There are 2 protein chains.
Amino acid sequence: MTSEPPETETPKPEGLRARKRQETLQRIAETGLRLFGERGYEATTLDAIAEAAGISRRTFFSYFRSKEEILLEWQMRGFSAQLRRAVLAQPADRAPIAVVRDAMLQLAAGIRAQEFISIDRVMRASETLQARKQATYALQERALHEALVERWPDPARSQALRLVAMVSLGAMRLAIEAWIQAGGDRGAAPFLEDAFAQIAAEVCGVGGPSPAA
Amino acid sequence: MTSEPPETETPKPEGLRARKRQETLQRIAETGLRLFGERGYEATTLDAIAEAAGISRRTFFSYFRSKEEILLEWQMRGFSAQLRRAVLAQPADRAPIAVVRDAMLQLAAGIRAQEFISIDRVMRASETLQARKQATYALQERALHEALVERWPDPARSQALRLVAMVSLGAMRLAIEAWIQAGGDRGAAPFLEDAFAQIAAEVCGVGGPSPAA
DNA sequence: TGAAAAGCTGCACTCGGTGCAGTAAAAAAT
DNA sequence: ATTTTTTACTGCACCGAGTGCAGCTTTTCA
C-alpha cells in the first residue's frame with residue numbers, strides 16, 4: 001500500500017485541511033454574529049469571539065482580516081457576484097437600468113429576511129459599522145459597473161454605465177431601508193419597483209423649465 | 001461707567017478663551033494635514049501630530065474625536081451647510097433635481113482645487129479613509145434631503161426627494177472623480193453638468209411600470 | 001516513514017481611543 | 001483685587017484591535 005492514498009472517506013470537499021478550514025470559518029462567523037446580536041458589536045471583544053469559537057485570538061486573524069469583516073463578508077461575498085450573474089442573464093434588448101432593476105428584483109426573491117434584518121440591526125447600532133457599510137456599497141457599485149461594461153462593451157458608454165450602477169444601487173439602498181422599516185413581511189420587490197419608478201419620475205423633468213409639480 | 005466694558009482690543013471673536021481654542025484647532029488641522037501629506041495617513045501617529053502642534057496627545061481628543069476627523073471635518077463642516085443654503089436660494093419654480101444641480105454648480109465655482117486635490121490624494125491612499133469618506137457622503141445625503149424637504153414640505157414628496165438627494169450626490173461624486181482625474185485645471189462645472197445630463201439620458205428611457213419579463 | 005508545507009498558538013509590541021484625577025488658567029462673582 | 005467657579009491641559013493607567021515573530025503541531029506529499 002501507501003503508493004495510493006486510501007481515501008476511505010472524504011464527505012464533500014477535497015482535502016481534510018480545506019474542510020476543517022471551512023468549518024472553522026463558518027463557526028467563527030456564526031459565533032460572532034450571535035455575540036454581536038446578544039451584546040452589541042462594540043461590546044463584543046475578539047477574545048470573546050475567539051474563546052466562544054474555540055480558537056486563539058491570534059488565529060482569528062488568519063480567517064478574517066478584521067472584526068468588521070465578520071459582518072461585511074457575507075454582504076460582499078455573494079451579493080456582487082450574484083448581481084453580476086443576474087445582470088448578464090437578463091434579455092439583451094432592454095435599457096441598462098431596466099436590466100439592473102429586473103436583476104435586483106430577481107435577487108430580492110431569494111433573500112432570507114430573518115437573517116438580513118438581524119444583521120441590519122447590529123450594523124445600525126454602530127457608527128463605525130455604518131461607515132463600513134457605505135464603503136461596501138461603493139465596492140458593489142464598482143462590481144456592478146464592471147458587469148454592465150461586460151454587457152455593453154462600448155467604451156463610450158462606460159461613464160454612463162457608472163451612473164446607472166450608482167443610481168441603481170441607490171435605489172436599492174432606499175428600497176431596503178423602506179422594506180426593513182416596514183417590517184420585512186411583504187417581499188422586498190414592491191419597494192424596489194417603487195424606488196426605480198420614483199427615480200424615473202424625478203429625474204426626467206430636469207431639462208425643461210418646470211415639470212408638472 | 002463700567003457698566004460698559006472698555007474693550008480696548010478684541011480682534012475678532014468674543015472671549016480670549018474662544019480665540020485660543022480656534023487657533024489651536026486650526027493649528028492641529030494644518031499640522032495633521034501637512035504630516036499626512038508628507039508621511040501618509042497611517043504612518044502619521046497621533047503622538048507625532050500632537051507634538052508638532054504643541055499639545056499633549058490627550059488634548060488632541062478634546063479638539064477632534066478621532067484621527068480621521070481631521071480629514072473629514074472640513075468635508076462635513078461647511079459643505080452640507082453651504083449646499084443647503086444654495087439650494088434654498090434657488091428660484092422656486094424648477095424641478096428639485098435641477099435646483100440641486102444649479103446649487104452644486106454655484107458651489108463648484110468656490111472650491112480651492114489645490115487643497116481639494118491634496119486632501120483627496122491623502123484619502124485615496126488609505127482604505128479606512130475611503131470607507132469614512134463614503135460615510136460622509138451618506139451624511140451629506142441626509143443633510144441635502146432635509147434641505148429639500150424644507151423647500152418642498154409636502155410629506156408625500158419626501159421619499160422622492162430622498163432619491164433626488166441620492167442621485168444628485170451620486171452625480172457629484174462621479175463629477176469630482178472625473179474632474180480630479182482630469183487634473184483639476186478646468187473648472188469642475190462642466191463635469192457636473194455632464195454627470196447630470198448623463199443621468200437624465202440613462203434613466204428616462206426606462207419606461208414606467210413595464211417589467212413584463 | 002520522513003521531509004516540507006500549512007495551521008495554530010502565545011508573546012510582545014504598536015497604535016488609537018477613553019476614564020480619571022490633579023493642576024493651571026480664564027471667567028464670573030464678590 | 002480677591003475669591004470662587006468654570007473650563008482647559010496634562011499625565012497616567014488602561015482597554016481593544018491589529019501585526020510580527022518564533023515555536024510547535026498537524027496535514028500533505030514524496
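Computed from a predicted model, the values in this text were never measured in an experiment. Each chain gets a letter, A, B and so on, in the order the sequences are listed, and its residues count up from 1.
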- Note on the structure: With sequence neighbours left out, the residues meeting side chain to side chain donor-acceptor pair (under 3.5 Å) with A:D194 are none
- Query: With sequence neighbours left out, what residues match A:S158 under side chain to side chain donor-acceptor pair (under 3.5 Å)?
  - Reply: A:H145
- Message: Nearest heavy atom decides the nucleotide; on that basis, is B:R21 or A:E68 closer to the 5' end of DNA chain D?
- Response: B:R21
- Item | Distance-minimising heavy-atom pair for B:I117 and B:G184 | CD1-CA, 4.1 Å
- Task: Can you sort out which residues in residues 26-36 of chain A have a heavy atom within less than 4.0 Å of DNA chain C? Ascending by number, please.
- Result: none
- Message: To check you understand the geometry: which heavy-atom pair defines the closest contact between B:G170 and A:M166, and what is its length?
- Response: CA-SD, 2.7 Å
- Message: Just so I know, are the side chains of B:M104 and B:L169 near enough to count as touching, which here means a heavy-atom distance under 4.5 Å?
- Response: yes
- Residues of residues 38-50 of chain B with a heavy atom under 4.0 Å from any atom of DNA chain C, listed by number, are B:T44, B:T45, B:L46
- Aromatic A:F36 / basic A:R121 pairing, under 6.0 angstrom, 45° off normal: no
- With sequence neighbours left out, the residues meeting side-chain contact (heavy atoms from CB on, under 4.5 Å) with B:R132 are A:T128, A:A131, B:E68, B:L72
- Could you note down all residue pairs passing salt bridge (Lys or Arg N to Asp or Glu O under 4.0 Å) where residues 42-60 of chain B supplies at least one of them, sequence neighbours left out? none
- Message: Between A:E23 and A:R27 (salt bridge meaning N to carboxylate O under 4.0 Å), is one present in this structure?
- Response: no
- Message: Run the salt bridge (charged side-chain N to carboxylate O under 4.0 Å, His left out) test against A:E150 and tell me which residues pass, sequence neighbours left out.
- Response: A:R84
- Message: Are A:E73 and A:R65 packed together at the side-chain level, in the sense that at least one heavy-atom pair is separated by less than 4.5 angstrom?
- Response: no
- Task: May I ask you to list the residues of residues 53-65 of chain B, by number, that have any heavy atom positioned under 4.0 Å from an atom of DNA chain D?
- Result: B:I55, B:S56, B:R58, B:T59, B:S62, B:Y63
- Note on the structure: At a 4.0 Å cut-off to heavy atoms of chain A, the contacted part of DNA chain C spans C:dA5 to C:dC11
- Minimal heavy-atom distance between B:I111 and B:A188, with the atoms involved, is CD1-CB, 4.5 Å
- Item | Exercise: identify the closest heavy-atom pair between A:R186 and A:W179 | O-NE1, 3.0 Å
Below 3.5 Å between N/O atoms, which protein atoms pair up with nucleotides 3-7 of chain D? Just atom names and distances, please.
unit_1	atom_1	unit_2	atom_2	d
D:dT7	O2	B:R17	NH2	2.7

- Query: Would you say the side-chain atoms of B:T24 pair up with the backbone N or O of B:K20, donor to acceptor, closer than 3.5 Å?
  - Reply: yes
- A:K67 to A:Y41 six-membered ring, cation-pi geometry met (6.0 Å, 45°): yes
- First locate atom CD of B:Q159, then atom CD of A:E177, and finally report the distance between them rounded to the nearest 0.5 Å. 8.0 Å
- Item | Under the salt bridge (charged side-chain N to carboxylate O under 4.0 Å, His left out) test, residues paired with B:K133 that sit two or more places apart | B:D120
- Of the residues in residues 126-133 of chain B, which ones touch DNA chain D at a heavy-atom distance under 4.0 Å? none
